[in-house]
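Following: one structure in structure tokens, then a few remarks.
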Amino acid sequence: MRTLVRDILKSESEVGDILAQGWVRTRRDSKAFSFIELNDGSCLANVQVIADATIPGYEESVLKIQTGASVSIKGKLVASSGGKQKWEIHATEVEVLGHSHDDFPLQKKGHSMEFLRSIAHLRPRANLFGAVFRVRSRMAYAIHQFFQERDFIYVHTPIITASDCEGAGEMFRVTTLNGEQISAGKDEEDFFGKKTYLTVSGQLEGETFACALSNIYTFGPTFRAENSHTSRHASEFWMIEPEIAFCDLDADMQLAEDLVQYLVSDALEHCAEDLAFFGKFVDKGLFERLEFVKSRAFERVSYTEAVEILEKSGKKFEFPVKYGHNLQSEHERFLTEEHFKCPVTVYNYPKEIKPFYMRLNDDDKTVAAMDLLVPGIGEIVGGSQREERLDLLKANMAKHDLNEEDYSWYVDLRKYGTVPHAGFGLGFERLLMFVTGVANIRDVIPFPRVPGSAEF
RNA sequence: UCCUCUGUAGCUCAGUGGUAGAGCGGGUGGCUGUUAACCACUAGGUCGUUGGUUCGAAUCCAACCGGAGGAGCCA
């Protein structure tokens, strides 16, 4: 039976009979034998295989192996006499399952991230990407664990939607109409009998379930048709959106902070080898930052206080700081990277700059909104307490020029047994960037979709 | 949508007006318990495309195409 390289390397004793299968990273020949570095993706490290020239078919199989070939190796696990590894396999049989080729694009030396993106089907075989996607998998697991441990119910909100959440953000149209029919506006002849889109958020649908099951979360793909060209934006990304009934903004912020700390701790505990690789080759300050986030309370500051801090900072910003305006990226970065030097939650924003569903505070000027900012990335979480009072919600919809009929089901939640509730959205890829130190969102998602590019 | 940078061998890059280069990768040979192995030889390029300036353009100019970064919007 096959043993994964991860388990082979953790072995506590020699093994007389072992089967390893994977892809060859490199081969080095000696006069009487060859070294094969075998990787199967189960961990970052390779297992070294010694293939003696006397094994059957040595010249036809082993000496023809090129980087990238898939092989099946039987042999003995023995203590290595070389310095750099504890164990190695002395092969008794090497079967090449699939040969590689001269032009296999992944080399042992450094490649640019741009080049690796162009071979997204092969880049998981590179150390960096293997590590990224193992961490991605672990973080997805830890997210479910976090919420399930706290009695949250996982809800699958729709991917095709007829509602335009937040009334903002460009959406991808989903249609079976042809160009002429679209121009003629024959939406009623479309597949669903109306205009439909790919979801930009599961929040509104999530609220309906929170107002029945109390604590829920969604975790799935989200789509934005915005023409954003930055290292932090993708057209298709994954988002985690909890929604909690009988909950106010304070508890909402606490949950977001707990979640981020939980995930960082989980990564430190379960992805140590991969994180060490990132710490060495991607982001020298990674461990310092993660340990800091794990152990220290996050800062909290109201929007009003944040504006005061920025005004008093004496720092010259490209865009002026002004109460009533959104915080610019440079302002957010100053707060989290220079002023507090740790993650910081900014809350209670002016009502004018926030969407219709956020709860109006007693000051009648601000809404119970919050953004969690982290060094290096900026906003990683955005959330709010939702407006649960029917009259105020309706008034706010009118102010935002929203058609009440389009949101009748959303309004119904306030009509029938309304409760205070709150929630937030956590960008999964942004979290991964924070945890791995990888600087570009395109490199933490398997097949990135960005404006002008949907390869593979 | 706006601003900035960038495009030279399979990959990573040097070359800034005068015969197209290195390292790695590939091939061949050698050597070695090697480990981003080492040594020698070798193949490999319409310098993103088109046009212009010039005796002469990878190099200067323009447009276009591709890639990247930033802003806005947000996750």
Side-chain angles (χ1 to χ4, degrees), chain A residues 25-38 45-52 66-68 78-85 88 90 100-119 126-127 165-166 168-170 200-203 219-241 256 281 317-319 325-333 353-355 371-374 377-383 424-434 439-445 450-453 455:
Chain A
R25 285 294 174 82
T26 180
R27 186 190 98 227
R28 296 179 292 273
D29 298 323
S30 209
K31 191 156 233 165
F33 54 90
S34 297
F35 296 99
I36 296 167
E37 293 288 338
L38 188 72
N46 307 319
V47 63
Q48 176 166 282
V49 177
I50 312 297
D52 200 90
Q66 292 170 301
T67 299
V78 300
S80 176
S81 52
K84 298 203 177 179
Q85 59 279 318
E88 64 189 20
H90 284 195
S100 188
H101 198 271
D102 293 352
D103 59 5
F104 183 67
L106 283 167
Q107 299 175 10
K108 285 175 277 182
K109 295 240 168 181
H111 293 284
S112 67
M113 298 298 260
E114 291 83 358
F115 172 70
L116 290 166
R117 269 170 225 152
S118 75
I119 52 163
N127 286 334
C165 180
E166 313 187 18
E170 293 297 311
V200 294
S201 167
Q203 181 199 316
F219 182 12
T222 307
F223 308 88
R224 304 268 167 101
E226 266 142 29
N227 194 15
S228 299
H229 293 261
T230 84
S231 55
R232 308 181 307 283
H233 290 86
S235 309
E236 177 183 294
F237 63 99
W238 284 59
M239 191 153 62
I240 298 100
E241 295 180 287
F281 293 107
F317 295 106
E318 189 184 343
F319 295 92
H325 286 66
N326 248 319
L327 296 180
Q328 304 285 324
S329 288
E330 58 176 340
H331 304 149
E332 295 181 344
R333 294 187 71 130
I353 58 174
K354 288 294 180 182
D371 284 348
L372 173 52
L373 314 175
V374 296
I377 294 162
E379 185 179 345
I380 194 171
V381 167
F424 63 81
L426 167 69
F428 188 43
E429 284 76 18
R430 287 192 183 170
L431 172 91
L432 290 170
M433 292 166 71
F434 184 66
N440 196 309
I441 196 168
R442 297 174 181 91
D443 301 321
V444 296
I445 191 164
V450 295
S453 174
E455 300 304 313

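Chain identifiers are assigned alphabetically (A, B, ...) following the order of the sequence lines, protein sequences preceding nucleic acid strands; residue numbering begins at 1 within each chain. The structure presented is a predicted model; accordingly, all values stated were derived computationally and were not measured.
One atom, CD of A/Q328, and another, P of B/rC74, lie 11 Å apart when rounded to the nearest Å. Atom CZ of A/F319 is separated from atom P of B/rC73 by 9 Å (rounded to the nearest Å). Separating the CG atom of A/D103 from the P atom of B/rC24 is a distance of 20 Å, rounded to the nearest angstrom. Nucleotide B/rC74 holds its C1' atom 9 Å from the CG atom of A/D371, rounded to whole Å. Rounded to whole angstrom, the span from the CD atom of A/E379 across to the C1' atom of B/rA71 amounts to 16 Å. Atoms CZ (A/F219) and P (B/rA75) sit 16 Å apart, rounded to a whole Å. One can place NZ of A/K31 at 10 Å from P of B/rG33, the figure rounded to the nearest angstrom. In this entry the distance linking NE2 of A/H101 with C1' of B/rG27 reads 13 Å, nearest Å.
A stacking contact between A/F428 and B/rA75 is absent: the pair does not combine a ring-centre distance of less than 5.5 Å to the base's six-membered ring with planes differing by less than 30°.
The number of heavy-atom neighbours closer than 6.0 Å to NE2 of A/H325, taken from other residues, nucleotides and ligands shown, is 12 or below.
Within 4.0 Å (heavy atoms only), A/E37 reaches at least one base atom of the nucleic acid. Within the 4.0 angstrom heavy-atom criterion, base atoms lie near A/D29. Residue A/F237 is classed as a base contact, given a heavy-atom separation below 4.0 Å to a base. A/I380 comes within 4.0 angstrom of the backbone, heavy atoms only, and of no base. Note on A/I240: nothing from the nucleic acid sits closer than 4.0 angstrom, heavy atoms only. In this structure, A/R117 reaches the sugar-phosphate backbone alone: every heavy-atom distance under 4.0 Å involves primed, P, OP1 or OP2 atoms, never a base.
Within the structure, a side-chain polar atom (N or O) of A/R442 is placed less than 4.0 Å from OP1 or OP2 of B/rG69. Remark: A/R28 is in phosphate contact with B/rA37, judged by side-chain N or O atoms under 4.0 Å from OP1 or OP2. Between A/K84 and B/rA36, a side-chain N or O to OP1/OP2 separation shorter than 4.0 Å is present. When the side-chain nitrogen and oxygen atoms of A/R430 are compared with OP1 and OP2 of B/rC74, none of them lie within a distance under 4.0 Å. Residue A/T222 places none of its side-chain N or O atoms closer than 4.0 Å to OP1 or OP2 of B/rA75. An OP1 or OP2 oxygen of B/rU35 is reached within less than 4.0 angstrom by no side-chain nitrogen or oxygen of A/R27. Look at A/N227 and you won't find any side-chain N or O under 4.0 angstrom from OP1 or OP2 of B/rC2. Between B/rU12 and A/S112, a contact under 4.0 Å exists linking OP1 or OP2 to a side-chain N or O. Residue A/Q66 places at least one side-chain N or O under 4.0 Å from the OP1 or OP2 atom of B/rG27. Taking 4.0 angstrom as the limit, A/S231 places a side-chain polar atom (N or O) nearer than this to OP1 or OP2 of B/rG70.
Using the Watson-Crick or G-U wobble rule with both distances under 3.5 Å, B/rG26 pairs with B/rU42. A 3.5 Å limit on both hydrogen-bonding distances identifies B/rC13 as the Watson-Crick or G-U partner of B/rG21. Across all strands shown, B/rU32 has no partner, as no Watson-Crick or G-U wobble contact with both distances under 3.5 Å is found. The partner of B/rC2 is B/rG70, judged by Watson-Crick or G-U wobble contacts that both fall below 3.5 Å.
B/rA58 and B/rG51 have their P atoms separated by 14 Å, with the value rounded to a whole Å. Nucleotides B/rG48 and B/rA14 place their P atoms 14 Å apart, quoted to the nearest Å. Here, B/rG15 and B/rA22 have their P atoms 15 Å apart, quoted to the whole Å. The separation of B/rG10 from B/rC47, taken at their P atoms, amounts to 12 Å, rounded to a whole angstrom. Using P as the reference atom, B/rG27 and B/rA43 are 16 Å apart when rounded to the nearest Å.
Nucleotides of RNA chain B nearest to A/R333 and A/A234 differ in position, and the one nearer the 5' end is that of A/R333.
For A/S80 and A/E88, the side-chain atoms include at least one donor-acceptor pair closer than 3.5 Å.
Which of B/rG70, B/rU32, B/rC11 sits closest to the side chain of A/R232 comes down to B/rG70. The A/T230 side chain lies nearest to B/rA71 when the options are B/rA75, B/rA71, B/rC11. Distance from the side chain of A/H229 is smallest for B/rG70 among the nucleotides B/rA68, B/rG33, B/rG70. When the nucleotides B/rA71, B/rC73, B/rC11 are ranked by their closest atom to the side chain of A/S329, B/rA71 comes out on top. Across B/rC73, B/rA68, B/rG33, the shortest atom-to-atom separation from the side chain of A/Q48 is found for B/rG33. Side-chain atoms of A/M239 lie closest to B/rA75 of the nucleotides B/rA75, B/rC11, B/rG33. Listed nucleotides: B/rA75, B/rU34, B/rC74. Nearest to the side chain of A/Q85: B/rU34.
Residues A/F35 and A/I50 meet the side-chain proximity criterion, which asks for heavy atoms closer than 4.5 Å. Residues A/M433 and A/I441 meet the side-chain proximity criterion, which asks for heavy atoms closer than 4.5 Å. Between A/E37 and A/Q48, the closest side-chain pair of non-hydrogen atoms falls below 4.5 Å. Contact annotation: the side chain of A/R25 approaches that of A/N127 to within less than 4.5 Å [non-hydrogen atoms, C-beta and beyond].
Shortest non-hydrogen contact noted between A/T67 and A/L106 is CG2-O, 3.9 Å.
With hydrogens and angles ignored, a donor-acceptor pair under 3.5 angstrom links the side chain of A/E88 to the base of B/rG33. Contact of A/H233 with B/rC74 (side chain to base): a donor-acceptor pair of N or O atoms is detected under 3.5 Å. Scanning atom types as modelled, one donor and one acceptor separated by under 3.5 angstrom connect the side chain of A/R224 and the base of B/rA75.
Note that NE2 of A/H90 and CZ of A/F33 are 8.5 Å apart. Values are rounded to the nearest 0.5 Å. Once rounded to the nearest 0.5 Å, the distance linking CZ of A/R430 with CD of A/E379 reads 6.5 Å.
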